Amino acid sequence: MISLLWLIPALPLAGFLVLALFGGRFTRQQVAWVGCGSVGTAAFTTALVGWEFFQGFPDHESYHQTLWNWIDTSGLTVGVSWYLDALSLLMVAVITGIGFLIHLYSAEYMAGDEGYARFFAYMNLFVAAMLTLVLADNLLLLYLGWEGVGLCSYLLIGFWYREPEYGTAAQKAFIVTRIGDTAFAIGLFILFTQLKSLSIQQVQSLATEAWPVGSNLATIVAVLFLIGAVGKSAQLPLQVWLPDAMAGPTPVSALIHAATMVTAGVYLIARMHHLFALAPLVQEVIAVIGLATLLLAATSALVQQDIKRVLAYSTMSQIGYMFLALGVGAWSAALFHFLTHSCFKALLFLAAGSVIKSLHHEQNIFWMGGLRRHLPWTFWTFLIGAAAMSGIPLITSGFYSKDWILWSVWSSPLSHRWIWYGALLGAMLTGLYSFRLIFRVFFGEVRTQPTGEPGLAMRVPLVVLAFLALTVGFLEMPHTLGNVTLFSQYLSHALPTMELLPGMDESSETREQLAVTVSALLGIGLAAILFLPGSNFSRRGADLSTGRPLVTLLQSGWGFDRLYDRACVRPWFLLTRNPGELLDRGYEWLTVGAESCHRWMSHTQTGHVRWYAATVVVGTLVLLGLFAM
Amino acid sequence: MLSTPALVLAMMLFSLGLVGLLSRRNILYMLLSLEIMLNAASLAFIAGGARWGQVDGEIMFLFILTLAAAEVSVALGIVLQLSYRFHTLDVDAFSEMKG
């Protein structure tokens with residue numbers, strides 16, 4: 001059964017090929033069957049493979065499958081080969097499982113769209129590329145998947161290509177992530193020239209032997225990989241593409257820009273953890289980047305008016321938590337937050353999609369309100385998602401994962417106390433912006449009349465994801481609450497466990513948990529005071545989203561777009577416009593010279609045979625004269 | 001030696017042919033001049049062969065003879081086509097290939 005591993009990426013790829021070649025001739029129902037079916041069977045295959053993997057699990061920690069040699073020249077052999085261990089199995093399960101639910105949802109959500117087959121073709125291609133990324137055994141194949149998901153992200157952000165703005169957003173996402181990808185590629189080159197290998201496992205053991213901790217080469221490669229991860233995962237300073245990427249259809253935002261692709265950076269760092277362990281400085285940078293991004297994104301999410309932009313900033317913020325955990329060496333905690341985040345964020349996006357669809361594609365939360373009674377399914381599932389994101393204690397998965405991260409930040413030898421305070425502030429802001437959304441959209445008076453609840457194909461994924469958003473957290477519970485360690489035990493076979501600082505006992509853990517709980521509840525309470533219709537503050541008609549300078553700054557995501565426009569885009573255009581023409585002048589002279597030579601030489605071609613004969617004679621005489629001399 | 005007058009004759013024939021080639025406008029006469037030049041070259045080979053007592057010169061003459069036969073058959077075909085198309089044998093009228 002486990003030898004069916006190759007089928008998992010092959011099935012969505014086959015789905016893509018079928019839809020791309022024959023999609024135009026299929027009926028909508030057939031398209032939906034192919035599109036959902038390929039990912040569904042991939043999820044089923046994952047279940048089979050996972051079952052067999054668990055049968056022999058602690059003894060056989062990894063499974064290796066080589067299909068064929070992709071590149072085979074002297075000194076470089078790259079195989080199309082898959083590597084399954086605890087980490088990649090977790091990723092594959094999330095990608096196929098949640099991917100299938102989102103495909104099912106899209107079958108109804110996209111029903112009225114003319115590009116139905118195109119949509120499913122791109123989505124299937126995305127799933128195939130993402131699976132290639134996480135299952136790849138060598139870095140080159142991983143890079144193929146990495147670029148593949150970037151391409152699909154571009155195609156799907158610009159899915160409605162008739163709107164020029166959406167095309168611009170797609171290009172922006174593509175170009176900004178390309179900066180990271182270039183750094184990643186340079187990192188690959190350095191690794192290969194130094195260690196003569198691209199296999200992920202081999203290269204890391206070689207690096208550990210060859211490079212001492214903190215050596216220059218290890219730091220440079222780790223920094224380059226980090227830039228790649230930062231670009232893909234929309235972290236500071238390459239985060240500007242993600243809010244604009246919301247131009248794509250909502251299921252795309254759920255699948256690519258929340259659950260899977262944007263966490264590829266987290267996967268990359270976790271996969272290369274031996275390398276990052278050689279560069280402690282870079283690890284500290286990861287933690288700081290995570291903290292800065294989570295605070296920046298959380299404050300920006302507070303004042304956005306577009307429901308999807310709020311969720312986009314919240315995604316950046318939650319991935320910031322994952323980076324923070326990676327930075328302090330809590331690898332499993334980062335992956336646990338990845339798992340819970342992909343459940344509740346996919347849920348939030350899908351529920352938001354259901355709101356948007358029922359309001360005729362209205363996305364401004366100021367035109368929403370009072371949807372609680374009209375859309376009860378959407379309301380309850382959205383509420384569960386928001387509760388999980390803000391980390392309501394005990395009952396939601398988000399609490400367990402975020403608490404684990406904060407506890408790791410508190411107790412890790414690699415961390416600092418101020419980082420923990422920043423992360424705690426972030427937890428408070430998360431509660432605030434999540435419940436601002438709830439109170440704005442679902443409470444108060446109805447501003448836009450909704451058309452009604454979505455159908456079954458959209459409701460089933462919502463309910464399943466809501467169930468997961470509540471229960472996934474029970475896989476890992478802290479010592480003080482239940483002491484379940486299923487998840488950390490499972491991942492300890494692929495990732496190292498974190499060492500605690502001395503003097504960390506249960507009472508300090510309880511105090512830390514209380515702080516997390518209080519900050520989350522404080523955020524929600526603050527949201528109720530500020531935004532619940534009927535409260536003092538909101539009766540006065542005020543919101544954080546009115547135009548004061550600070551609010552405008554936050555709304556633009558701390559003005560990074562303008563900064564990059566001034567610092568990079570405009571100077572570049574200036575450079576290409578004026579001195580560019582000066583450079584052109586040289587080439588123009590070259591063409592003018594060539595043209596005049598041509599005109600001069602063509603006079604000799606008279607077309608008269610006698611003239612040619614005469615030139616031959618003269619030429620011969622000249623040559624003879626030269627020899628005679 | 002016999003070869004010196006033969007070479008002088010060959011040179012004279014060659015110059016005659018060359019002048020004819022350059023001064024004649026009728027394409028048939030130009031072909032005739034060409035044949036004279038070829039024969040002058042052959043004569044030079046023969047003279048050379050006789051001078052050094054080698055058979056190579058005569059072999060070259062046979063080659064040139066074959067070449068001249070082939071050249072004439074192709075050239076006459078072209079001349080026929082030209083006279084069909086342009087109704088004249090004046091080479092200066094055929095300047096379609098002017099660059």
Side-chain angles (χ1 to χ4, degrees), chain A residues 73 161 164 167 171 174-175 178 182 569-629, chain B residues 7-8 10-45 48 64 67-68 71-72 74-99:
Chain A
T73 60
Y161 55 86
Q171 285 175 8
F174 198 70
I175 293 166
R178 201 72 11 200
T182 310
V569 180
R570 284 192 199 179
W572 175 253
F573 276 127
L574 217 66
L575 199 71
T576 53
R577 208 160 294 145
N578 296 333
E581 283 177 7
L582 214 67
L583 285 179
D584 282 349
R585 203 52 49 77
Y587 295 106
E588 274 167 20
W589 278 113
L590 204 65
T591 58
V592 167
E595 266 175 17
S596 59
C597 274
H598 150 77
R599 217 169 295 129
W600 181 67
M601 295 290 281
S602 70
H603 284 307
T604 60
Q605 303 292 312
T606 55
H608 294 295
V609 182
R610 294 189 312 142
W611 163 257
Y612 295 146
T615 51
V616 170
V617 171
V618 172
T620 316
L621 285 180
V622 168
L623 276 180
L624 282 176
L626 280 179
F627 278 121
M629 276 201 293
Chain B
L7 278 178
V8 171
M11 211 170 76
M12 282 166 65
L13 274 175
F14 191 86
S15 310
L16 255 158
L18 188 61
V19 170
L21 183 74
L22 293 182
S23 56
R24 287 283 182 176
R25 289 171 64 185
N26 190 316
I27 193 164
L28 270 177
Y29 282 99
M30 284 173 76
L31 278 177
L32 281 176
S33 310
L34 216 57
E35 290 301 313
I36 291 170
M37 284 164 76
L38 279 171
N39 282 316
S42 311
L43 185 60
F45 272 112
I64 291 172
L67 178 116
E71 181 252 307
V72 163
V74 173
L76 283 179
I78 293 173
V79 167
L80 266 174
Q81 281 300 318
L82 285 173
S83 70
Y84 276 138
R85 204 162 285 190
F86 294 93
H87 305 291
T88 173
L89 290 177
D90 182 2
V91 277
D92 287 354
F94 319 139
S95 60
E96 304 290 291
M97 295 287 281
K98 184 172 165 32

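So that the names make sense, note that chain A is the first sequence line, chain B the second, and so on, each numbered from 1. Source: prediction; values computed, not measured.
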Top contributor to chain A contacts, counting heavy-atom pairs under 4.5 Å, from Val91(B), Leu21(B), Leu22(B): Leu22(B)

Flag if over 12 foreign heavy atoms under 6.0 Å of CZ, Phe174(A): yes

Residue pair Arg610(A) / Arg24(B), side-chain heavy-atom distance below 4.5 Å: no

Which atoms of Ile27(B) approach chain A - backbone, side chain, both or neither, heavy atom under 4.5 Å: neither

